[in-house]
Amino acid sequence: MTSSAPGTSELVVSDSVRHAARLITQIENGVPAARAVLAELLPHCGSAQLVGITGPPGAGKSTLTASLIKELRSQGRSVGVIAVDPSSPFSMGALLGDRDRMLEAASGDPGVFIRSLASRGVPGGLAAAVNDVVDVMDAMGKDVVIVETVGVGQGELEIAKIAHTVVLVFVPGYGDALQAMKAGITEIADVVAVNKGDLAEASRAVQELRGQDYVRHDPTADRTWVVPVQKVSALRNEGIAELVGLIDDHYRFTAQSAWRSEIERNRRHAQFMAFVTERLRAELASIDLDAFDAGWLRDPYAAAEEFVTEIVKARADRGAVGLAAK
Amino acid sequence: MSKEHIKVLLAKKKIDVHGRGTKLLARELRDAGMEVVYFRFGVVDEIADAAVQEDVDVVGVSVMTSGQIQIARGLIPALKARGLDNVLVIMGGIIPEVDYEPLYELGIHRCFAPGLPGGAVAEYIRENVGTATLG
């Protein structure tokens, strides 16, 4: 594998699409060598604005993303897009169709990098991979990184948490106010976009959603963000500049307190958790069964507890670097 | 070479309305466990750009309204220029058999005629992915 050779991180930072793309494949496949490159990329990360796009299938997320790309490019901002589509739980195959909708917005433009990812049926694993891919695009120097997910299921919520700003895409006729009140999805939205604004029912949907008075509470300060509801038509390119304005407003809002750094901290913590989990699993799997005492595994529960306690105790004895004292 | 996740870019001409074959194939490859990026292209550089960004193992081009020679002539150098020298490149659709040899000389690895039994393309991909070069 050439990608783990010295120089990969420099090439990624210098915006080499080929090397970035291969690194992303390694991240997807959980190749350990990718970690070393990611670590080298880290000093170059932190300047990208992260936007999550989520919503029910068919809401027009990809078409809306294409409109956002066009608007951002017209403002001179470079864009990375991570488009996630589901894998079949039966064949593990996937049809990744998001790129097709974004073609006109991105064609021949070196300022746009679109990557489709299949969910591969591991929600936790996918969120971890997306987190790392965000770092790759950030290190490449993309001003804005958009993560587009299928807005169904718990794993998607995890991915949405990666973003500085989560845009929830609704469509008119999706359901009445009760649908929008159901737990889960609306609780992560920072901005709501009602797509297909060219349809007659759109104004009513906007009214109903505004009537919900969605707010987000700043987890780090005593203030709230009122979730704006914007009517857009990706098809007619209406309301798109306004939507970008709202996304930027929210981005600035999170910087006025510790909110944004809290999001960053959560991202890094998620990466830490994912890495520890993966490394420990690999270490454990490499221990030969015969290495275990004959009787020790007779009670796997107690054995596991003892095993973990030992590791934690060893860290505590050394003074547990990195953890705040309780 | 066997690969756990084979990624295929399936490209079809944007101005070409004959999309059934490509969609059928996309579904077939998906059901064979592959990750298929489906998209429509205007010019061959768009195929090459997509292939490098998606880091695919296979590029498949559907040609229903002629132009296969011109596409191959542009596509192979465009892929190589982007460092994709070990990608498998296949073509399908309405391609006269007399064009197969010239296409292979230009660097296309295999052309598929209409009416093949289901699974033929997936089988070919699985057997040849990772071994092909664009010499």
Side-chain angles (χ1 to χ4, degrees), chain A residues 2-3 11 15-31 62 66 79-121 129 133 136-137 140, chain B residues 3-15 19 22-58 60 62 78-87 119 121-122 125-126 129-130:
Chain A
T2 49
S3 329
L11 288 160
D15 206 15
S16 163
V17 175
R18 175 70 175 141
H19 289 86
R22 294 189 78 165
L23 178 60
I24 293 171
T25 304
Q26 291 191 331
I27 292 167
E28 278 189 282
N29 292 336
V31 175
S62 301
V79 187
V81 177
I82 305 166
V84 183
D85 266 336
S87 296
S88 159
F90 305 105
S91 71
M92 282 308 287
L95 183 62
L96 310 169
D98 294 330
R99 185 176 199 99
D100 188 58
R101 277 114 175 122
M102 300 175 196
L103 200 64
E104 267 162 56
S107 174
D109 182 352
V112 182
F113 181 5
I114 300 171
R115 180 60 180 252
S116 318
L117 299 182
S119 65
R120 294 189 180 175
V133 176
V136 175
M137 293 195 175
M140 287 174 89
Chain B
K3 268 193 103 215
E4 203 186 341
H5 297 284
I6 298 173
K7 196 166 180 182
V8 184
L9 182 73
L10 267 193
K12 168 185 127 10
K13 278 201 275 183
K14 208 184 298 177
I15 54 160
T22 322
K23 288 204 180 89
L24 190 73
L25 184 61
R27 225 167 66 184
E28 199 172 292
L29 298 180
R30 181 202 71 188
D31 290 345
M34 298 178 194
E35 296 178 350
V36 183
V37 180
Y38 173 91
F39 91 120
R40 293 162 293 172
F41 69 95
V43 294
V44 287
D45 275 344
E46 290 174 352
I47 306 179
D49 282 340
V52 70
Q53 292 184 5
E54 298 289 354
D55 192 25
V56 292
D57 307 294
V58 185
S62 161
L79 290 170
K80 282 204 274 195
R82 287 162 180 78
L84 286 161
D85 37 26
N86 59 351
V87 69
V121 179
I125 289 175
R126 203 170 280 123
V129 72

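Every chain is numbered from 1, with letters handed out A, B, ... down the list of sequences. The analysis underlying the following values was restricted to heavy atoms, covering all of them including side chains, and did not include hydrogens, waters or symmetry mates.
- Of the atoms belonging to L103(A), it is side-chain heavy atoms, and not backbone ones, that fall under 4.5 Å from chain B.
- D109(A) meets the side chain to side chain contact (heavy atoms under 4.5 Å, CB included) test with R73(A), V112(A); sequence neighbours excluded.
- For R40(B), the parts sitting under 4.5 Å from any heavy atom of chain A are the backbone and the side chain alike.
- Counting heavy-atom pairs closer than 4.5 Å to chain A, the top-ranked of the candidates L10(B), V52(B), D45(B) is V52(B).
- With sequence neighbours excluded, the residues forming a side chain to side chain donor-acceptor pair (under 3.5 Å) with E46(B) are S107(A), listed by chain and number.
- Residue contact with chain A, scored on non-hydrogen atoms closer than 4.5 Å, is absent for A11(B).
- In the model, E54(B) has a side-chain atom that pairs as donor or acceptor with a side-chain atom of S116(A) under 3.5 Å.
- The shortest non-hydrogen separation linking V8(B) to V56(B) is C-CG1, 4.1 Å.
- Contact tally against chain B (heavy-atom pairs below 4.5 Å) for E28(A), M92(A), R18(A), R101(A): the top residue is R18(A).
- With chain B as partner, the option from A94(A), S16(A), P110(A) having the largest number of non-hydrogen pairs under 4.5 angstrom is A94(A).
- Taking CZ from R120(A) and NE2 from H5(B), the interatomic distance works out to 3.5 Å, rounded to the nearest 0.5 Å.
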